[in-house]
Amino acid sequence: MKYLITLIVLLSFGAIIYGFTLEDSQEEQANKYIGGGTVGLFLVAMPLFLIKESRGKKMKDYMLTEENIRKMQGKPPLEPDNQHVPNNKN
C-alpha cells in the first residue's frame with residue numbers, strides 16, 4: 001500500500017510538472033495534465049494515505065469531547081452523577 005501511494009504521488013507530481021513545461025500552443029493538453037495530477041494527489045493519494053494511517057486507531061481519541069478537554073487541561077475526569085457516593089459520616 002505504501003509503495004502504491006508513493007507511486008501515485010510521484011506520477012501526479014510528474015504530470016503536474018510536465019503540464020507546466022508544455023508550450024503555450026498546447027495549452028489545452030497542459031491543463032489536462034495539471035488537472036489529472038491534481039486529481040491524483042487529492043482524490044486518490046490523499047484518501048488512500050488517510051485510510052492507511054488511520055487503520056486501527058480509535059476516532060474517539062481524536063474528537064474534542066468534554067473528557068478529552070479535561071485531560072488536556074490536566075483536570076481529573078468528571079464522575080458520572082449516578083456513581084457519586086455521598087460522604088455521610090454520622
Side-chain angles (χ1 to χ4, degrees):
M1 184 72 129
K2 180 171 97 171
Y3 298 113
L4 175 67
I5 295 170
T6 304
L7 179 67
I8 292 170
V9 168
L10 291 176
L11 289 174
S12 296
F13 276 128
I16 292 171
I17 291 169
Y18 180 69
F20 279 117
T21 60
L22 287 177
E23 296 181 15
D24 291 337
S25 62
Q26 300 172 331
E27 186 176 339
E28 187 175 321
Q29 189 177 7
N31 288 337
K32 288 182 182 179
Y33 278 106
I34 294 168
T38 304
V39 166
L41 278 176
F42 293 105
L43 295 180
V44 179
M46 188 180 294
L48 286 175
F49 173 77
L50 292 174
I51 289 169
K52 176 186 166 289
E53 289 299 317
S54 67
R55 188 173 292 147
K57 295 194 169 95
K58 292 183 255 177
M59 259 336 224
K60 185 181 178 190
D61 292 341
Y62 300 97
M63 295 177 70
L64 197 57
T65 61
E66 181 70 30
E67 178 183 340
N68 288 343
I69 292 171
R70 292 187 71 78
K71 282 183 191 176
M72 287 187 281
Q73 293 174 342
K75 296 179 181 177
L78 290 176
E79 294 180 10
D81 291 336
N82 62 351
Q83 293 182 0
H84 182 62
V85 179
N87 200 0
N88 290 337
K89 293 184 178 180
N90 292 331

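Keep in mind that this is a model prediction, so the values were computed, not measured.
Criterion: ILVMFWY side-chain heavy atoms under 4.5 Å apart, direct or through other members. Under it, Met46 and Val44 are part of a common hydrophobic cluster. Grouping the Ile, Leu, Val, Met, Phe, Trp and Tyr side chains by contacts below 4.5 angstrom, directly or via other members, places Phe20 with Leu41.
From Ile34, atom CD1 reaches atom OG of Ser12 across 13.0 Å, with rounding to the nearest 0.5 Å. Rounding to the nearest 0.5 angstrom, the gap separating the CE atom in Met1 from the CG atom in Leu48 is 5.0 Å. Note that OH of Tyr18 and OG1 of Thr21 are 6.5 Å apart. Values are rounded to the nearest 0.5 Å. Rounded to the nearest 0.5 Å, atoms CG (Leu11) and CD1 (Ile16) are 11.0 Å apart. Taking OG1 of Thr38 as the reference point, atom CZ of Phe13 lies at 9.5 Å (rounded to 0.5 Å). Distance check, rounded to the nearest 0.5 Å: CZ of Phe49 to CG of Leu4 gives 13.5 Å.
In terms of heavy-atom proximity, Ala30 sits nearest to Gly19 at CB-O, 3.1 Å. Between Phe42 and Pro47, the shortest heavy-atom distance links the atoms O-CD, 3.6 Å.
Among Glu23, Gln29, Glu28, Glu27, the one residue that satisfies the side-chain contact (heavy atoms from CB on, under 4.5 Å) test with Ser25 is Glu23.
Within a 6.0 Å sphere centred on CD of Gln26, other residues, nucleotides and ligands contribute more than 12 heavy atoms. Atom CE of Met72 has more than 12 neighbouring heavy atoms from other residues, nucleotides or ligands inside a 6.0 Å radius.
When the salt bridge (Lys or Arg N to Asp or Glu O under 4.0 Å) test is applied to Lys52, no partner is found at least two apart in sequence or on another chain.
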